Amino acid sequence: VLLTFYADREAPRIAEDLGVSPGAVRVIRHRAMTRLRDCVVGGVKQ
Amino acid sequence: VTTSGCERLALADLADYAAGELSDAESAVIEEHLFSCADCGARAATFDALVRAIPPAVGSAEVGGFVTDAILNRLARDGVRVRSFALSPGAVVPCAVWDDDELMALRLRADFGGSSEFTLSQRVAGTEVVRATGQIAAGSHGEIIYAMSAAWVRQLPVVDVEVVLTAHDGADERPIGSYTLVHGGSLHR
């Protein structure tokens with residue numbers, strides 16, 4: 001989340017830095033944003 | 001405006017869209033739907049507010065967590081004063097935090113095996129005060145970087161801050177290293 005929305009890095013570059021696939025970067029980001037949203041806004045499931 | 005409970009745009013779509021990682025065609029589909037759907041529009045607005053709150057929250061140096069060099073570089077560009085500590089497992093080091101430091105970056109070195117998910121427990125006088133779990137790669141430098149607010153450290157009494165790192169390998173937890181910062185109060189220039 002920080003690499004995407006703070007350091008402005010794109011998924012392929014993040015994937016390279018972290019040694020995972022771009023798909024995994026997106027999955028990890030989705031999970032983290034879901035947790036952040038649930039934490040800040042309240043746990044409304046979609 | 002009527003609400004139909006539409007959930008066509010999931011958070012995953014909005015995240016990829018906000019990250020600018022969708023094709024023009026995929027973005028156009030999302031934009032078209034957002035124009036005509038109040039439910040998804042409201043969800044997108046909430047998501048957008050979350051995303052926009054991230055840079056100021058991180059730049060405030062009031063929140064900690066796992067970071068990378070790319071994030072530390074961006075913090076430095078934003079004028080955040082970062083003090084780095086390189087720590088090997090078992091290290092007991094004086095935690096010299098100056099009164100104008102804003103963020104402390106702990107460069108935790110260890111044998112990480114092939115693990116990519118870690119939990120960091122931060123304990124003050126034996127009591128856990130912070131627990132963070134994240135999927136992170138130790139990278140080519142063989143270290144994991146954890147950032148913590150210097151202001152938070154400064155307000156501590158003279159005390160040992162213990163940082164314990166464990167790795168998750170499937171359902172198993174494996175100790176990686178324990179690092180101790182001996183906090184002796186804030187230093188003044």
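Predicted model, so just to flag it, every value in this text is computed and none were measured.
For B:Ala18, the parts lying under 4.5 angstrom from a heavy atom of chain A are both the backbone and the side chain. Both the backbone and the side chain of A:Arg9 come within less than 4.5 Å of a heavy atom in chain B. Interface remark: A:Arg31 contributes side-chain atoms only to the contact with chain B (heavy atom separation under 4.5 Å).
Although no hydrogens or angles enter the test, the distance criterion places a donor-acceptor pair under 3.5 Å between the side chain of B:Ser23 and the main chain of B:Glu26. Under the 3.5 Å distance criterion, the side-chain polar atoms of B:Asp39 are matched with a main-chain donor or acceptor of B:Gly5. The backbone N or O of B:Ile30 sits nowhere less than 3.5 Å from a side-chain atom of B:Arg8 that would complete a donor-acceptor pair. B:Tyr179 places no side-chain N or O within 3.5 Å of a backbone atom of B:Arg107 that could act as its donor or acceptor partner.
Ranked by heavy-atom pairs shorter than 4.5 Å toward chain B, the options A:Leu2, A:Val1, A:Val40 are led by A:Leu2. With chain A as partner, the option from B:Val67, B:Leu75, B:Thr68, B:Asp78 having the largest number of non-hydrogen pairs under 4.5 angstrom is B:Leu75.
Between the side chains of B:Glu162 and B:Ser178, a donor-acceptor pair is found at a separation under 3.5 Å.
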